[in-house]
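One structure is given below, encoded as C-alpha cells.
Since this is a predicted model, take the numbers as computed values, not measurements.
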Amino acid sequence: MTTDTNDRPPTRIGLVGGGAAAVCLLDRLSRTQGRGRGSVTVFEPSGNLWRGRAYQHDADAVLANIIPAEMSARTGAPDDFLDWLRASGLPYGQGDYAADGYFPPRHVFGGYLERTAENAVGELSLGGWPVGIVRDAVVAAREAGEEVVLTTRDGRTHTFDYVICAVGAGRPADHYELSGNAGYFGDPYPLRDTAAAIPADADVTVLGTGLAAVDTVVTLAARGHRGRITMASRNGALPAVRQRPVFPEIRHFTPAALHARAAAGHDGRLGLDDVLELLERELAEHGADPSAVVAELTSLGVESPLERLRRQYERIDEPDTGMRVMQHAVPESGPDAWTLLRTADQDFIREHHYRAVMSLCCPMPPANARKLLELHGSGRLRVLRGLWNVKPLAGTGFHIGADGGEYESDVVVNAVSAPSHRVPAQARPFVDSLVEDGIGEYHPYGGLHIEPSTSRAVGGGGRAHRRMHAIGDMGAGTLFFTSGMPSVLERADDIVRAVVQDITTPQEQHA
C-alpha cells in the first residue's frame, strides 16, 4: 500500500550545478504528478545560472550546432524553443537552412533556458516545492543513513533525500604546460573577451579542431581578424557539416529493438555486428546506402581536413539521407546500444572510431563550414594534424611542431576537448568525496559509473545508489553519448521518473 502524497514528509532534492541540465530537471519535475510536497536547492557558484558554460553570454558568432527544432528543454514539447523564438520576434530557425542566421547564437538559447527555468520555479513553488539558490560550490558529500549531506565551500551543511550531480564539462587540459605565458589563452570562452584581447594582425594558433576550435576561428573572423589562423590537433578531425535536416521515423534502430536483440543473445549483450545489422536495416528502410555511411566513417584521416570539409559542405543537400538518418538514430538510441555492447566492442570503437563517430554525430552548422572555407580560400586559415609540441619562446610567442612543419605563432588559444575525466576543477573536491564515501566511483573513460536506465551513481560493489544521480558529461564513460540537448532531456526524464518512483515506493520495499 502506498502512502498518500499529503502524508509523506517533504522531499528534499539538491541539484549540484545550475546549467541546462538543471533547467530540464526542474521543468520535468514541475510537470510530474504524484511527487507530493518538497523542495529543491540549486548550487551554482558561477555567474551563469541556468545558462551554464555552454550558453553563457557570448559573441553572436558562437552558434548552437543543433537545429532549433531539436533544442527544446521540455519533455513532450519538441517545438518549445521554436515557439519561444517566434514569440520573442527572433528570426532564427526560419528561411534557408544553409544561410547565415538560421542557427541561433548560443547565448540566445541561454535566454530561453532562463525563461524555462523561471517558469518551472514558479510552477514548483505554487505546487508546494519552493526552489532555493545557493551561490556557492559544493566541496563534499557523505551518506548519513537515508540522507545525503552536502558541504559548501563556506563550511555550511545541507541535507537532502536525493542529490543530482549536474556539474557540466571540464575546461581544456593544458597539455603543454603553457599557463602563465603571455599570449596564451587557456580557455576560449567567453570568446567575446578572448577575441577582443587578440591583436587583429597576430598569428594565432588554435589548439584543437573540434567545435570549440571552430567557434574560436569564426569569432575571430567576425571581429575582422587579419592575421593567419592555424587550427592544429593530433588528428586534424574537423566536425562534419550538418546536412539539410530530414525527420525520419526510426523503426529498427530503436531502444526497444536493441534490448530485444540483446535479450535474445546468450549473455544479454550485443555484438558490434548486431548493432550494424540494425543500423543497416534502418538505412535501407529510408532508401539510404549503408556503404556511403561506412565511407564517411572511414574518410577521417584519408582526406585532408579541408578537402573533407569542402566535400561535405558541397553535399549538404545530398539526396542519400544516410548520414541524416544516422544523426537522428544514433543520439536517440546510441546510449542504449552502447551500454548493451560487449566490452571488447566498446574498446574497439573507442580505439578506432571515436573521433569519426563524434565528428559525424556532432556536426557544425553550414554557415560555419562556409566561413572556414572562405578563410582558407583567402589564405588566412590552415588546418594541421600531427600536432606534437607547443612551447613558449624566450620573450613572447610560441614554437609549434606538427606534421606540416615547425613554425612560430604569436598567440595560442587552447580549444582542445575537456580532460578525459570530465570533471570541472571546481567540482573535483565534491566528486572526489562521492568516490571516497563509496557513493560513486570513477569510470575509467570519464565521469562516474552510472546505471544507464536511471542515471543513478554506481558505487562500491556495483550498487546503484538510490539517492545520488548524475547527468551530462558526468555519465560520459557509461553512456558515451551525453552532449546535446536531446540527450540531456532524455536523461532528465529518466532521473525524475526514478526519483518520483522511489518517493512513492513504501519504505519496506526498498532493498
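Looking only at side-chain heavy atoms (C-beta outward), Met468 and Glu143 stay at 4.5 Å or farther from each other. In this structure, the side chains of Leu258 and Ser333 come closer than 4.5 Å at one or more pairs of heavy atoms. Contact of the Ile133 side chain with the Trp50 side chain is registered, since non-hydrogen atoms from C-beta on lie closer than 4.5 Å. The closest side-chain heavy-atom distance from Pro239 to Val214 is below 4.5 Å. A heavy-atom distance below 4.5 Å is not found between the side chains of Leu479 and Trp338. At a threshold of 4.5 Å between non-hydrogen side-chain atoms, the residues Val325 and Glu285 do not count as touching. With contacts defined as side-chain heavy-atom distances shorter than 4.5 Å, the pair Arg35/Leu124 qualifies. Pro245 has its side chain within reach of Tyr97: a pair of non-hydrogen atoms, C-beta onward, lies under 4.5 Å apart.
To the nearest 0.5 Å, atom OG1 of residue Thr209 and atom CG of residue Asn235 are 5.5 Å apart. Separating the CG atom in Leu283 from the OG1 atom in Thr321 is a distance of 7.5 Å, to the nearest 0.5 Å. The CZ atom of Arg74 sits 7.0 Å away from atom OH of Tyr112, with the distance rounded to the nearest 0.5 Å.
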Going by atom type alone, with no hydrogens or angles, which donor-acceptor pairs under 3.5 Å involve a side-chain atom of residues 9-19 and a protein atom two or more places apart or on another chain?
unit_1, atom_1, unit_2, atom_2, d
Arg12, NE, Asp161, OD2, 3.1
Arg12, NH2, Glu147, OE2, 2.8
Arg12, NH2, Asp161, OD1, 3.0

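Shown here are the side chain to side chain donor-acceptor pair (under 3.5 Å) partners of Tyr55, two or more places apart in sequence or in another chain: there are none. Take Arg51 and apply the side chain to side chain donor-acceptor pair (under 3.5 Å) test, not counting sequence neighbours, and it matches His57, Glu114. For Glu351, there are no salt bridge (charged side-chain N to carboxylate O under 4.0 Å, His left out) partners at least two apart in sequence or on another chain. Residues that satisfy the salt bridge (charged side-chain N to carboxylate O under 4.0 Å, His left out) test with Arg192, not counting sequence neighbours, are absent from this structure. For Asp267, the salt bridge (charged side-chain N to carboxylate O under 4.0 Å, His left out) criterion is met by Arg342, not counting sequence neighbours.
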Take Leu25 and Leu29 through the test side chain to side chain contact (heavy atoms under 4.5 Å, CB included) and record every step on the way to the result. CA-CA 6 Å; Leu25 288 159; Leu29 185 63; over 6 Å; no

Would Leu279 and Met326 satisfy side chain to side chain contact (heavy atoms under 4.5 Å, CB included), going step by step from the backbone distance to the final call? CA-CA 8 Å; Leu279 270 176; Met326 283 277 290; 3.8 Å; yes

Run the numbers on Ile349 and Leu341 for side chain to side chain contact (heavy atoms under 4.5 Å, CB included), then give the verdict. CA-CA 10 Å; Ile349 292 173; Leu341 267 179; 3.7 Å; yes

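For the residue pair Arg28 and Thr32, a side-chain donor N or O sits within less than 3.5 Å of a side-chain acceptor on the partner.
Using cut-offs of 30° and 60° for the angle between ring planes, the His449 and His443 rings count as tilted. Aromatic ring orientation, Phe43 versus Phe160: perpendicular (interplanar angle above 60°, classes split at 30° and 60°).
Taking every heavy atom of both residues into account, Val108 and Tyr92 meet most closely at CG2-CE1, 4.1 Å. When all heavy atoms of Val416 and Asn414 are compared, the pair lying nearest together is CG2-OD1, 3.2 Å.
Applying the salt bridge (charged side-chain N to carboxylate O under 4.0 Å, His left out) test between Arg115 and each of Asp83, Asp27, Asp80 identifies Asp80 as the sole match.
Both cation-pi conditions hold for Arg350 and Tyr445: the charged atom is under 6.0 angstrom from the six-membered ring centre and inside a 45 degree cone around its axis.
In this structure, Arg281 pairs ionically with Glu277, as a charged nitrogen and a carboxylate oxygen lie closer than 4.0 Å. Using a 4.0 Å cut-off between charged nitrogen and carboxylate oxygen, Arg156 and Asp136 do not count as a salt-bridge pair. Ion pairing between a basic and an acidic side chain is recognised when a charged N comes within 4.0 Å of a carboxylate O; Asp437 and Arg142 show no such pairing.
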